Amino acid sequence: MMQPEFKTALKKSLLLHVGFVLILVASNFAPSPSLQPTPVTATASAAPSAPIEAVAIDQQQYEQRVQQLREQREQAQRAEQQRIAELERRARAAEQARAEEEQRIRRLEQQRQQQDAAARQATAAAAEARRQQQQETERARQAEQQRQQAEAEARAAAERRRQEQEAAQRAEAERQQREREAQLRAQQERELQERLERESQARQVARQRQTVTEVERFTAMIRDRIQQNLRVDERMRGRQCRINIRLASNGFVTNVSVVNGDQVVCDAAMRAVERAGTLPVSQDPDVFEQLRNINLTVIPEF
């Protein structure tokens, strides 16, 4: 697109050139005042015939007038030539001015093209700078996103490690608690076993004694019934088994299972309970409630 100053210069040049052309055309076609024919007054026919001397004088005046007209015409021709020369000079000057104006316009056009090229280069450079800035911004955004993701993953990993540590600590605490409970149960079982052993030893002495409680009495009776049906051999010497027995209200064995102990003794104890079928129970509800689900340690007696 043309710049405003370039358009103005082009209009001025065209108007100047057209003006000079119009001046040249008008000058070539304008009649010269000096070349207009001089009117001749027809006085000879009206005047009376003059003497020859008068005719000679008129001839001389005519020749002078002709000479004067010739000089005027030559002077007019010279003036016309000067005018034409001046017009040609002006035309050459106008042509030169037009050429200079065209050259100036070409320079302006070159400058405009250079400016346009520079503007395009600047625009391209700015676009490239914006593109690079956008790329840099995008790289920075991706880097920030990766950093945030890495931080989130690190936090998640730290949280998982914390949870795993807490779970491990809870598991360790539970394991220690189970160990303590197992130790406590083992201690209680040892104490119970020791008590049962003491009771077993005392039972032989105090079977006839009536001071034992009903539960102990029926427990002893159940243990005795099992001992009666227990088939022992030397493999059981020094070994024992703890079993769980569930009884119905009439003493019928509804279930028997091994709690722990030697396998041989446990198998023999379970067969002994099965052979017994029904075990002695008390009709007292409170006593039966303690007997309906009991654990017994079976120790083979030799």
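Treat the numbers as computed from the prediction; the structure is a model and nothing was measured. FYI, side chains are in, hydrogens and waters are out, and symmetry mates aren't considered; it's all heavy atoms of this structure. Residues: numbered from 1 along the sequence shown.
Partners of Gln142 according to the side chain to side chain donor-acceptor pair (under 3.5 Å) rule, which considers only residues two or more places apart in sequence or in another chain, are Glu138.
Comment: Arg104 engages Glu101 in a salt bridge, judged by a side-chain N to carboxylate O separation of less than 4.0 angstrom. Electrostatic pairing of Glu74 and Arg70 does not count as a salt bridge here, judged by no charged N lying under 4.0 Å from a carboxylate O. Ion pair Glu174/Arg170 not flagged as a salt bridge, since none of the NZ, NE, NH1 or NH2 atoms sits closer than 4.0 Å to an Asp/Glu carboxylate oxygen. A salt bridge does not link Glu109 with Arg106: every distance from a Lys NZ or Arg NE/NH1/NH2 to an Asp or Glu carboxylate oxygen is 4.0 Å or more. Look at Arg162 and Glu166 and you find a salt bridge, because one of the NZ, NE, NH1 or NH2 atoms lies within 4.0 Å of a carboxylate O, short of that distance.
Listed by first and then second residue, the salt bridge (Lys or Arg N to Asp or Glu O under 4.0 Å) pairs that reach into residues 253-265 are Arg239-Asp262, sequence neighbours excluded.
Pro300 and Val232 make their closest contact through CB-CG1, 3.7 Å (heavy atoms, listed as atom of the first residue, atom of the second, distance). Smallest separation of non-hydrogen atoms from Ala268 and Met236: CB-CE, 3.2 Å.
Distance check: Gln68 CD to Tyr62 OH gives 13.0 Å after rounding to the nearest 0.5 Å. Atom-to-atom distance recorded for Leu230:CG and Arg275:CZ is 7.5 Å, nearest 0.5 angstrom.
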Pairs under 3.5 angstrom only: tabulate donor-acceptor contacts from the side chains of residues 288-298 to other protein residues two or more places apart or in another chain.
unit_1: Glu289; atom_1: OE1; unit_2: Arg292; atom_2: NH1; d: 3.4
unit_1: Asn293; atom_1: OD1; unit_2: Asn244; atom_2: ND2; d: 2.8
unit_1: Asn295; atom_1: OD1; unit_2: Asn244; atom_2: ND2; d: 2.6
unit_1: Thr297; atom_1: OG1; unit_2: Gln193; atom_2: OE1; d: 3.0
unit_1: Thr297; atom_1: OG1; unit_2: Arg242; atom_2: NH1; d: 2.9

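By the 4.5 Å heavy-atom criterion applied to side chains, Met221 and Arg217 are counted as neighbours. Between Gln183 and Gln187 the shortest side-chain heavy-atom distance does not fall below 4.5 Å. Taking the side chain as every heavy atom from C-beta outward, Val273 and Ile243 approach each other to under 4.5 Å. Residues Ser249 and Val281 have side chains not in contact (no heavy-atom distance under 4.5 Å, counting atoms from C-beta outward). Counting heavy atoms from C-beta outward, Val256 and Arg246 have side chains that stay 4.5 Å or more apart. Between Gln72 and Leu69, the closest side-chain pair of non-hydrogen atoms falls below 4.5 Å.
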Next on the checklist: Checking Gln114 against Gln110 for the side-chain hydrogen bond (donor to acceptor under 3.5 Å, both in side chains) test, could you report, in this order, the C-alpha distance in whole Å, the side-chain angles of both residues, the deciding distance, and whether it holds?
Outcome noted: CA-CA 6 Å; Gln114 292 175 357; Gln110 291 177 356; 5.3 Å; no

Item to check | Audit row: Glu86, Arg83, salt bridge (Lys or Arg N to Asp or Glu O under 4.0 Å) steps and yes/no | outcome: CA-CA 5 Å; Glu86 179 64 21; Arg83 187 178 68 82; over 6 Å; no

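Here the side chain of Gln227 pairs a donor or acceptor atom with the backbone of Ile299 at under 3.5 angstrom. Proximity of a side-chain donor or acceptor of Arg139 to a complementary backbone N or O of Gln134 within less than 3.5 Å is not detected.
At a cut-off of 3.5 Å, with distance as the only test, a side-chain donor of Glu172 or Gln176 sits close to an acceptor on the other residue. A side-chain donor-acceptor contact under 3.5 Å links Arg180 and Gln177. Residues Gln163 and Glu159 have side chains that bring a donor and an acceptor to within less than 3.5 angstrom of each other. In summary, the side chains of Asp267 and Gln263 do present a donor paired with an acceptor at a separation below 3.5 Å, with no hydrogens or angles considered. The closest side-chain donor-acceptor pair between Gln132 and Glu128 falls under 3.5 angstrom.
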